[in-house]
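As structure tokens, the structure follows; a few thoughts come after it.
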Number of protein chains: 2
Amino acid sequence: MRMPSPFVPCAIALAASALVSGVMATPSAAPARMTQADIIKAAAPSDWRRLDPDNTVVMEVQGKPVIIELAPRFAPRHVANIKTLTREGYYTGSAIVRVQDNYVTQWADPADEEKEKDKLKPLGTALASLPAEFSIAYKGLPLTRFTDPDGWAPVSGFVDGMPVAADPRTNKAWLAHCYGTVGAARSTKPDSSNGTSLYAINGQGPRQLDLNITVVGRVVKGMEVLSSLPRGPGPMGFYDKPEQYVPITRARLLADMPADERPAIEVLRTDTSTWRQLVEASRHAIGGWAVRSALHSNICNRSVPTRDIPSASQQP
Amino acid sequence: MRMPSPFVPCAIALAASALVSGVMATPSAAPARMTQADIIKAAAPSDWRRLDPDNTVVMEVQGKPVIIELAPRFAPRHVANIKTLTREGYYTGSAIVRVQDNYVTQWADPADEEKEKDKLKPLGTALASLPAEFSIAYKGLPLTRFTDPDGWAPVSGFVDGMPVAADPRTNKAWLAHCYGTVGAARSTKPDSSNGTSLYAINGQGPRQLDLNITVVGRVVKGMEVLSSLPRGPGPMGFYDKPEQYVPITRARLLADMPADERPAIEVLRTDTSTWRQLVEASRHAIGGWAVRSALHSNICNRSVPTRDIPSASQQP
């Protein structure tokens, strides 16, 4: 079996790109000796966290869950609106209307796409208009910083498990457009997003979108459901016939799901020394297959591992 | 219609990621004024080139063409072997055996995956063993250089329409792992690839693979066929049941195809001022939607536009 990867299977549910290189957060003098899989295996229980029930949306697409963690720290108004839209059933029965290869998978109210104004889903108590939330203050942000140059921004790292870029000169920090990043689609006006149409990045991170649109979170698990859909034949990857739309059969806030239906996963914390070790290890050729260490990575080249909640801890 | 993109449809068959930012090759003092679509529209006929019939493989997957340009300059031995394998029918009837999300789509002889030695496809006159071809000399390479820092390598740019990284200190240059890059899968030994199993990158460019494996070319068109396949449920995205394999129903060298079956596309040359303009334009917010210029890009963030051959030039 020939492979373009040195990595061996492991019981932990690694996201695919957890298997690619990263950047050291705290450079160490000696190269790391443990493989990424070994570091994850050796992680302490406290290195893992549960999903925040109040800020996680679980969508069902083609019978499979797509788990999205929202980022209230970065886009509080949008996140509040998205939670309202979720709770009031807006996304249930909406659909994926656009899949542009190596760019975005986007969902919306099909009636909005078809310009059928009389069939538009009601917004309920959600707001139709919100301010743009492109960035927040950098100062004071608990950033686990990457030290290799990002190129797109002077500073980069992870906050709350999400890839973040920042510019200390302007005191701005923002969620970066990496694979799986979820944003709120907008039209020409910067403040024209309200969360009724969202997109997830399905290819190389289009970082030029950073600071141009409101990012609301990221897909923690299930991105492959959105990335493996047929590409839309229309301009910019829009599906050009309503029958091509892929229904979102249900969307619920994790907090509103019965306990036995909740996805039983944990996410590795990114404010831990385990995460820093993992990032550092990813810069080195460790484990036999690779012959050359990149000694470099970046925030879009790393993804945050998840695992099934160990069965012992599921017991009351 | 809300969009995470400022770009409007245009008649030219732009690859999806031709719509994302790039890096200036020749910085200009004033920001570019033309949109990328306008620059492509204004390109001269001589800015476009035909596919090289002797170094292009056309695979058919699910009835759709996947067009791969080979890179004889970078991996002459592998490319020669892949051409022999193609001409002698090795890939026809082989299959996609692995799709790992945000990593690779990989194809091979299914019997090799299933360890059915008696059913292995014959190699014919192709070689079973080849030297590793991880890099070539940098000196003298006709590189259209990008000036923004790449991070993964001191020098980066395009050669023969392909993304290339280089290190002048070691006099090495190599094809970079970007979206659509095609490489020759190997096992633990660096010289264990022979082209019988190939992979294409289907997500964020895993640049840590650079200099660790032989890259043989890139998917010029049809990458969405490979990227939208179901992800494999097995470890590292391998399909775990033979019935999941996606057949490659046919693979031919472009030169061996009847004229009326050849894909009638042209590729924008990357050694032109039009390409440099396009790359520079991608660094700027132009055209109304974006409010902020990234003033940065990198080789994996750009893809090379293709277009249908204008009908006039198809006439004898």
Side-chain angles (χ1 to χ4, degrees), chain A residues 1-5 7 9 16-17 19-21 100-104 106 108 113 148-149 151-152 178-179 183 185-188 190 192-193 197 199 203-213 223-224 227-231 235-237 282 285 288-292 294 296-298 300-301, chain B residues 1-5 7 9 16-17 19-21 100-104 106 108 113 148-149 151-152 178-179 183 185-188 190 192-193 197 199 203-213 223-224 227-231 235-237 282 285 288-292 294 296-298 300-301:
Chain A
M1 191 169 70
R2 291 185 178 85
M3 297 173 293
S5 160
F7 301 102
S17 55
L19 298 176
V20 301
S21 282
Q100 183 169 354
D101 195 56
N102 192 21
Y103 199 42
V104 294
Q106 186 176 342
E113 297 304 309
D148 288 326
W152 297 89
C178 299
Y179 191 86
R186 67 167 174 90
S187 49
T188 308
S192 56
S193 62
S197 181
Y199 63 90
Q204 179 78 20
R207 297 286 303 277
Q208 76 285 0
L209 293 181
D210 289 6
L211 289 174
N212 273 309
I213 196 159
M223 186 57 213
E224 71 280 4
S227 61
S228 62
L229 294 171
R231 277 46 185 161
M236 298 189 294
S282 74
W289 184 90
V291 293
R292 179 239 184 191
H296 182 84
S297 193
N298 63 51
C300 282
N301 205 251
Chain B
M1 190 169 70
R2 291 184 178 84
M3 298 174 291
S5 160
F7 301 103
S17 55
L19 296 177
V20 300
S21 282
Q100 183 170 354
D101 195 56
N102 192 20
Y103 198 43
V104 294
Q106 186 175 342
E113 297 305 308
D148 287 325
W152 298 89
C178 299
Y179 190 86
R186 68 167 174 89
S187 49
T188 309
S192 57
S193 62
S197 182
Y199 63 90
Q204 178 80 20
R207 296 287 303 278
Q208 77 283 0
L209 293 180
D210 289 6
L211 288 174
N212 273 310
I213 197 160
M223 186 58 213
E224 72 280 4
S227 61
S228 62
L229 294 171
R231 276 46 184 162
M236 298 189 295
S282 74
W289 185 89
V291 294
R292 179 238 183 191
H296 182 83
S297 192
N298 62 52
C300 283
N301 206 250

*Quick one: which of E224(B), R292(B), M223(B) has the most heavy-atom pairs under 4.5 Å with chain A, could you say?*
R292(B)
*Partner chain A: residue of A108(B), P230(B), C178(B), G151(B) with the largest heavy-atom pair count (under 4.5 Å)*: G151(B)
*R207(B), part contacting chain A, at a heavy-atom distance under 4.5 Å*: backbone
*chain A contact via L211(B) - which portion, at a heavy-atom distance below 4.5 Å*: both
_Pairwise distance CZ(R231(A)) to OG(S227(B)) - rounded to 0.5 angstrom_ = 3.5 Å
Any non-hydrogen side-chain atom of [X] less than 4.5 Å from a side-chain atom of [Y]?
| X | Y | value |
| --- | --- | --- |
| I213(A) | Y199(A) | yes |
| Q106(A) | S197(A) | yes |
| M236(A) | V104(A) | no |

